[in-house]
Structures are given as structure tokens and as C-alpha cells.
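Scroll down for the structure; my scribbles are underneath it.
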Amino acid sequence: AEALRAPLTDALSAVRRVLAPPEDFDPATATGSFTLAIGDEAQVAFFPAILADLRAVAPHVAVVSRPLSAQSVEDGRRGRIDVAIAPDLS
């Protein structure tokens, strides 16, 4: 039992870290990149405003725009895009 004390203590500490609530997110200090798939018309109509708003609240986050395509769903599943803005085709 004594031989298991240290490994179990380490394992329980790791579980506590995983289950601990996340630190508060502060967009003003966030860094990284954000990839957005957006159609041509939406790019012209909305992207400048989206970019301006994001830069105002998260100035250190890079925003990458990619064309919206049939591949966008799969790209989202694989983590290559974060958000897609698509028309309602219903």
C-alpha cells in the first residue's frame, strides 16, 4: 500500500487539475488565431465589421479568413476552421 501512495497522489493531483474549473477567459489578453470560413457575399457584407469587433475586444488574436466551400464542414470537424458563416439554404 505504501508503494502506491506516491503514484496515487500524483494521479489524484492530475485528476484535480483536469476537473478544476477553467481560468476566466479574458479576450483582451488572449493570443492565438481564429479561422473563419465565410462565403464571398458574407465576406463583403459582414467581415469588416466582424474583424473590427474582434480586434476591439481581442487585439492579440489573429483572424484568418478562408473561403466557404463544401469542404468547410470536414475542415471544422478536423479543427482546420473554428467557425463557418453560411447562408440558410432551407
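Excluded from the calculations below are hydrogen atoms, water molecules and symmetry mates; all remaining heavy atoms, backbone and side chain alike, are included.
Minimum interatomic distance between A37 and I81 (heavy atoms only, all atoms of both residues): CB-CD1, 3.7 Å. Taking every heavy atom of both residues into account, F34 and V83 meet most closely at CZ-CG2, 3.5 Å. Contact detail for I38 and A42: the closest heavy-atom pair is CG1-CB, 3.5 Å. Here the shortest heavy-atom pairing between H60 and A30 reads CB-O, 3.2 Å.
Judged by distance alone, the side chain of D75 and the main-chain N or O of R80 form no donor-acceptor pair under 3.5 Å. For the pair S72 (side chain) and L68 (backbone), a donor-acceptor distance under 3.5 Å is absent.
Taking the side chain as every heavy atom from C-beta outward, I85 and L36 approach each other to under 4.5 Å. A 4.5 Å side-chain heavy-atom check between T35 and R66 finds at least one atom pair inside the cut-off.
In the hydrophobic clustering of ILVMFWY residues, with side-chain heavy atoms under 4.5 Å counting as a link, L51 and V64 come out apart.
R17 meets the salt bridge (Lys or Arg N to Asp or Glu O under 4.0 Å) test with no other residue; sequence neighbours excluded.
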